[in-house]
Every structure is written in C-alpha cells, then in structure tokens.
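Working notes for the structure below.
Chain naming here is simple, since letters A, B, ... match the order of the sequence lines and numbering starts at 1 in each. Side-chain atoms are counted along with the backbone in the values below, which use heavy atoms only and exclude waters and symmetry mates.
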Amino acid sequence: MRSQYILLATIAIIIILSFITYYNISPIKNINPNLIGENFEDQITYIYQNFGYNYISNYTLYFENYTEDINYNFSFICISSYNLSIQACNGNNINCCYYFNGSFFVNQNILKYCNENFILYNPPNWICFCYNVNNSNSYYINFFCV
Amino acid sequence: MRSWIILVELAFSIILLTFFFLYTYYSKSSNYNIYSFDPNNLIYLNSSCNNNLYIYEIINLTNNNITICYFGKQVNSTYIQNHEPIFEYLYAGQNYFNPYILIIFG
C-alpha cells in the first residue's frame, strides 16, 4: 500500500517537474553573453561601414536599454579619434569614452576590464570598444576596434 | 525488511527523477541551437512578412511598432503564445539607421 503511495507521489512529482521545465525555459536562457557581445561588435562595425560614426552613440543607447530588458548588465569604455558624443559618458560614469588626437597610450588604467596595453600612433579614424556583458552567472569581456 | 524496500524504491525514484529532469532540461536547450542562426542571413527579415520560413517578431525601436510574422503572414500575438523565442538580435537597420529587435520563434 505504502509503495503505491510512493509510486503515485513519484508520478505527481514527474508531472510537476516537467511542467516547470516546460514553462521555465525563458528567452534569457537561450541567449548567452557571447552572443550579445557578438551582436554589439557586428552592429557597431555595420553602422560604421554603412551609416557613419554619428549613429554609434544612438545605437549604444538602444543596446544598453535592450540588455537591461533581457536582464543583462552591459558596460563599455571606448577610445576614439572621433567625438562620438555618447550620452552615457557624461559625468563620472564607468561608460566612458576617451577622445584623442595624435598618438595615444592605451593601458589597463583606461581599459578597466580589458587587459590590453598598446599605443595608437596617429590613427585617423579609429573607434575601439572594451565592453563587458554579464548577468548573475556568466559574463563576456572583449576588446575590438573598427 | 519492508522499510528497506520502501527506502530502495525511494532512492530509485529520486535517481529516476534526477535523470528525467536533467534529460528534459538539456534536450530542450540543445534543440535551440542559437549558433545555427547567422545574423547576416537574417537581416533580410523585415516587417513586410515576405519570408515564409520563420515565425518571427520585429520590434521597431524608433516607433515601438511590433510586427509578428507567422510563416509569411502578419498575425497578432495570440499566434505565438505557444512558441518559444530561440534567437534574438538587435539590428541597427538595413539600408538606413533604423534599430529593431528581431526575435525568432521555434
């Protein structure tokens, strides 16, 4: 008799668990930080090549809102010879852009989470990003230039 | 003796449940192979619903318009209630700057 109860309980638990797994696969689980990072890199490159650098600041704003919506934190540091006038860089924010003319020594003090040290010699039209995508259990950091 | 049988059965059911849980969890997530989508090929999906291979949603961020295309037909959100998102991407625009989010459903 008791074993029959256990059998019934087992069946009940199986049904409950299968419902939980069926409904609990949220879109966030199917996205990972790498994909979000690639999304950012590809689209920044696409914008720069097709629409011009003026649109980059606008896109970063949309991108930040988007990552927030899917429960990710997104932050970046940019180095550029153009003034991208990124709103998030106003004030004492971590999302900051460094604009420069002439040669520029890039070290870890500037790129807080990307471990890169290099010198840019009079680059006429460079835009570099060091970005960080993370949520509670995974993260992705990368550095790229267009 | 009887209590031993119950104990063994309990242990067995727990093991069975664990395997079942892991199986459903991993088989479900591996079906959604996000890497099988190439964002460069999907840039041609637009809000005119002229592609009949996918179920997708386009959220235009400039005017917040939402378009849902169900295999080439424009539908309302009730059609996708039983479908799960399997790919998401924030595009900057096709021919001009017009950011939109593409969500593909499986």
Side-chain angles (χ1 to χ4, degrees), chain A residues 1-32 34-67 69-70 72 74, chain B residues 2-3 5-35 37-40 42-43 57 59-62 64 82-106:
Chain A
M1 195 61 193
R2 210 185 272 179
S3 64
Q4 277 175 334
Y5 279 127
I6 290 169
L7 204 69
L8 273 176
T10 314
I11 292 164
I13 291 168
I14 286 174
I15 291 165
I16 291 163
L17 275 179
S18 54
F19 269 107
I20 290 168
T21 38
Y22 186 79
Y23 287 106
N24 210 23
I25 305 276
S26 60
I28 298 143
K29 279 186 184 162
N30 299 318
I31 301 175
N32 58 31
N34 300 41
L35 193 77
I36 297 171
E38 278 167 37
N39 186 169
F40 182 70
E41 280 183 41
D42 289 349
Q43 291 306 300
I44 292 291
T45 314
Y46 189 83
I47 292 166
Y48 184 60
Q49 287 168 352
N50 296 286
F51 311 137
Y53 70 90
N54 317 350
Y55 293 101
I56 286 178
S57 117
N58 214 335
Y59 183 80
T60 54
L61 197 66
Y62 281 119
F63 202 84
E64 275 181 89
N65 292 338
Y66 166 68
T67 45
D69 285 346
I70 55 171
Y72 274 89
F74 176 76
Chain B
R2 211 181 193 185
S3 62
I5 292 166
I6 291 165
L7 210 66
V8 165
E9 199 175 329
L10 199 71
F12 181 72
S13 57
I14 287 169
I15 291 163
L16 202 74
L17 270 175
T18 315
F19 275 107
F20 176 77
F21 187 84
L22 289 174
Y23 172 75
T24 43
Y25 189 85
Y26 283 105
S27 67
K28 219 168 163 56
S29 46
S30 65
N31 281 341
Y32 301 133
N33 189 358
I34 45 174
Y35 296 107
F37 290 100
D38 181 3
N40 295 326
L42 299 171
I43 195 168
E57 179 177 349
I59 305 164
N60 190 325
L61 296 175
T62 27
N64 285 320
N82 296 323
H83 296 274
E84 285 181 61
I86 52 172
F87 178 82
E88 259 192 65
Y89 206 81
L90 174 55
Y91 285 99
Q94 290 174 8
N95 303 316
Y96 56 94
F97 187 75
N98 179 31
Y100 64 92
I101 297 170
L102 171 75
I103 304 169
I104 292 186
F105 292 87

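- With sequence neighbours left out, the ring-ring contact (aromatic ring centres under 6.0 Å, His included) criterion links B/Phe105 to no other residue.
- Heavy atoms of B/Asn95 lying under 4.5 Å from chain A belong exclusively to its backbone.
- Under the side chain to side chain donor-acceptor pair (under 3.5 Å) criterion, A/Tyr62 pairs with no residue at all, not counting sequence neighbours.
- Proximity to chain B (any heavy atom under 4.5 Å) is shown, for A/Tyr55, by both the backbone and the side chain.
- Contact of the B/Tyr89 side chain with the A/Asp42 side chain is registered, since non-hydrogen atoms from C-beta on lie closer than 4.5 Å.
- Among all heavy-atom pairs drawn from B/Glu88 and A/Leu35, the shortest one is O-CD2, 4.3 Å.
- The interface of residues 45-53 of chain A with chain B, defined by heavy-atom distances below 4.5 Å, comprises A/Tyr46, A/Ile47, A/Phe51.
- Proximity to chain A is limited to the side chain of B/Ile101, based on heavy atoms less than 4.5 angstrom apart.
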A/Tyr59/B/Leu90 under side-chain contact (heavy atoms from CB on, under 4.5 Å): CA gap, chis, key distance, verdict = CA-CA 9 Å; A/Tyr59 183 80; B/Leu90 174 55; 3.7 Å; yes
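- Among residues two or more places apart in sequence or in another chain, the side-chain contact (heavy atoms from CB on, under 4.5 Å) test is passed with A/Leu61 by A/Gln87.
- Residue A/Phe63 touches chain B through both its backbone and its side chain, counting heavy-atom pairs closer than 4.5 Å.
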